[in-house]
Amino acid sequence: MASALAVRVEAAIRHHELISPGGDVTCLVSGGADSTCLWHVLRNLGYRVSAVHVNHGLRGAESTEDARFCAEVLGAEVVSAVSRGSSEAELRAVRYEATAHFGLRATGHTASDQVETVLYRLVSSGSTRGIKRRREDGVVRPLLDIWREDTAAYCVEHGLDYRSDSSNAASKRGLIRHEILPLLCRLHPGAEQNLLALADERPRLPRELERTLIDLLASTDGAKSADLGSGFRAVREYDEVRLEGRVTFGPWRIESARPGLTVRTRRPGDRLAGRTKKIQDVFVDAKVPRSARDAWPIVVSGNEVVAVPGLAVAPGWEDTVRAWKDCGT
């Protein structure tokens, strides 16, 4: 019988369409309680689970022992990756880049991590943007509704050993976790729940970008454009405004002059517009490895799949969507 935690995790996976039923997924494991819990829960829920541990080698013998634990206890493949920096964001970027070839990957980020992230971004940039449940590069976070205390309790309940990272306390996240959040909870007992709720609010544009768009809309010129950064620009022609530019999706660069397109990963039942062929069959015919399919970009217009970059384009869209891989990524 599935535990209460496992039921909640499965409900989140199905609601947010994170992993196909019984599908393949690789857990990025550190050896800590969160990722150990994730690895065990997903296996018990019937997913085909493998594991990978990225060893940055920053903590000497402790890093070596973490890697040994993940390999021997969790059956993880160990990947050594030297970081260009030591910040949390830089290390995370290296991990995701080093494991991109594993396809769909799951991390053990919890509701507790979400609260810490929202609080840090709130005070550092005025943004309440939280951790994404699904990244564009095929990384999913099934535990974002589960608190850190719950993952540790799950490990104890199921007799699962796990490692503790001694460097956490000295980080910015450690400062928030051990000093700031306890003070906020003394101020109001609902502090963590209220911060968590902010992550689900509709995100605002960065203030500089808001000002740029306001200036564009307020202009009396017949036609005007504004650079929005990251290869995008807004174009206003009289009473119409449109966005033009390029989408980055993992190693893919995708662009189109046709408005209203969205890039996402595949979903059960997807078919190419104007054809009866399933996207699953497109992957099979192209001999795309199973591990790469869940991270492959799918271009949609409304509910219709109009392109599978590098593999297939729907009739009538041949000259509309352009996609290529950036070999330098």
Side-chain angles (χ1 to χ4, degrees), residues 1-30 33-53 70-71 73-77 79 95-96 99-111 131-146 150-151 154-155 157-160 162 249-250 263-272 276-298 300 303 305 308 311-312:
M1 183 176 181
S3 68
L5 185 145
V7 171
R8 291 165 60 196
V9 172
E10 178 67 2
I13 292 172
R14 297 278 62 80
H15 179 71
H16 298 286
E17 298 182 331
L18 301 180
I19 312 171
S20 299
D24 294 304
V25 62
T26 299
C27 290
L28 272 66
V29 294
S30 65
D34 297 338
S35 60
T36 299
C37 169
L38 175 69
W39 171 83
H40 191 268
V41 166
L42 293 183
R43 285 163 56 96
N44 281 358
L45 288 173
Y47 296 99
R48 293 189 292 270
V49 179
S50 57
V52 61
H53 172 78
C70 290
V73 178
L74 306 180
E77 179 177 335
V79 176
R95 284 195 296 274
Y96 292 169
T99 59
H101 62 285
F102 284 90
L104 183 67
R105 288 149 289 157
T107 68
H109 288 88
T110 64
I131 300 170
K132 292 182 178 180
R133 290 185 184 271
R134 174 187 283 275
R135 285 171 50 105
E136 289 77 7
D137 57 1
V139 174
V140 297
R141 282 74 178 250
L143 300 186
L144 280 182
D145 295 326
I146 309 298
D150 297 330
T151 65
Y154 179 94
C155 289
E157 178 186 351
H158 290 83
L160 303 173
Y162 60 87
F249 194 98
V263 182
R264 59 167 171 80
T265 52
R266 66 171 178 164
R267 294 176 181 171
D270 273 345
R271 296 175 185 271
L272 202 61
T276 59
K277 193 169 191 176
K278 291 183 178 180
I279 300 304
Q280 167 70 14
D281 295 331
V282 171
F283 286 135
V284 172
D285 291 348
K287 295 181 171 57
V288 175
R290 185 188 296 271
S291 62
R293 297 173 191 174
D294 284 325
W296 204 279
I298 303 292
V300 299
N303 293 321
V305 176
V308 184
L311 302 180

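What you see below is based on every heavy atom in this structure, not just the backbone, and it leaves out hydrogens, waters and symmetry mates.
- For Glu157, the side-chain contact (heavy atoms from CB on, under 4.5 Å) test picks out no residue, with sequence neighbours left out.
- Taking 4.5 Å as the limit, some side-chain heavy atom of Asp150 sits within range of a side-chain heavy atom of Arg8.
- Qualifying side-chain hydrogen bond (donor to acceptor under 3.5 Å, both in side chains) partners for His158, counting only residues two or more places apart in sequence or in other chains: none.
- Using a cut-off of 4.0 Å between Lys/Arg side-chain N and Asp/Glu carboxylate O, Asp281 and Arg271 are scored as not salt-bridged.
- For the salt bridge (charged side-chain N to carboxylate O under 4.0 Å, His left out) test, no residue two or more places apart in sequence or in another chain qualifies with Arg95.
- Among Ile13, Val139, Leu18, Val140, the one residue that satisfies the side chain to side chain contact (heavy atoms under 4.5 Å, CB included) test with Arg133 is Leu18.
- Residues forming a side-chain hydrogen bond (donor to acceptor under 3.5 Å, both in side chains) with Arg141 (at least two apart in sequence, or on another chain): Tyr96, Thr107.
- The backbone N or O of Val29 sits less than 3.5 Å from a side-chain atom of His53, completing a donor-acceptor pair.
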Under 3.5 Å, sequence neighbours excluded: what are the donor-acceptor pairs made by side chains of residues 19-28?
residue : atom : partner : partner atom : Å
Asp24   : OD1  : Arg48   : NE           : 2.9
Thr26   : OG1  : Ser50   : OG           : 2.9

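- Residues that satisfy the side-chain contact (heavy atoms from CB on, under 4.5 Å) test with Val73, not counting sequence neighbours, are Phe69.
- Here Arg43 pairs with nothing under the side-chain hydrogen bond (donor to acceptor under 3.5 Å, both in side chains) rule; sequence neighbours left out.
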Hey, mind stepping through Thr36 and Asp34 against side-chain contact (heavy atoms from CB on, under 4.5 Å) and telling me if it holds?
CA-CA 6 Å; Thr36 299; Asp34 297 338; over 6 Å; no
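- Using a 4.5 Å heavy-atom cutoff, the side chains of Leu143 and His109 are not in contact.
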Report the C-alpha separation of Ile298 and Val263 in whole Å, then their side-chain angles, then the decisive distance to 0.1 Å, and conclude whether the side-chain contact (heavy atoms from CB on, under 4.5 Å) test is met.
CA-CA 6 Å; Ile298 303 292; Val263 182; over 6 Å; no
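- For the side-chain contact (heavy atoms from CB on, under 4.5 Å) test, residues two or more places apart in sequence or in another chain that qualify with Asp285 are Lys277.
- Summarising the geometry of Leu272 relative to Ala312, their closest heavy-atom pair is CD2-CB, 3.9 Å, with the distance given to 0.1 Å.
- With sequence neighbours left out, Ala71 forms a side-chain contact (heavy atoms from CB on, under 4.5 Å) with Val78.
- Across all non-hydrogen atoms, the minimal contact from Trp39 to Leu74 is NE1-O, 3.3 Å.
- Scanning both residues, Leu144 and Thr110, for their nearest heavy atoms gives CD2-O, 3.5 Å.
- For the pair Ser35 (side chain) and Ser30 (backbone), a donor-acceptor distance under 3.5 Å is present.
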Given Val305 and Arg264, is the side-chain contact (heavy atoms from CB on, under 4.5 Å) satisfied, shown in steps?
CA-CA 10 Å; Val305 176; Arg264 59 167 171 80; 4.3 Å; yes
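- Contact of the Phe283 side chain with the Val308 side chain is registered, since non-hydrogen atoms from C-beta on lie closer than 4.5 Å.
- Not counting sequence neighbours, Arg134 has no partner by the salt bridge (charged side-chain N to carboxylate O under 4.0 Å, His left out) test.
- A donor-acceptor pair is defined here as one N or O able to donate and one able to accept, closer than 3.5 Å; such a pair exists between the side chain of Ser3 and the backbone of Ala6.
- Across every non-hydrogen atom of Cys155 and Ala33, the tightest pair is SG-O, 3.6 Å.
- Listed by chain and residue number, Glu10, Arg14 satisfy the side-chain hydrogen bond (donor to acceptor under 3.5 Å, both in side chains) test with Tyr47 (two or more places apart in sequence, or in another chain).
- Legend: side chain to side chain donor-acceptor pair (under 3.5 Å) pairs involving residues 289-298, not counting sequence neighbours, sorted by first then second residue: Arg266-Asp294.
- Between Leu42 and Ala106, the shortest heavy-atom contact is CD1-CB, 4.3 Å.
- Taken from CG in Leu38 to OH in Tyr154, the straight-line distance is 10.0 Å, to the nearest 0.5 Å.
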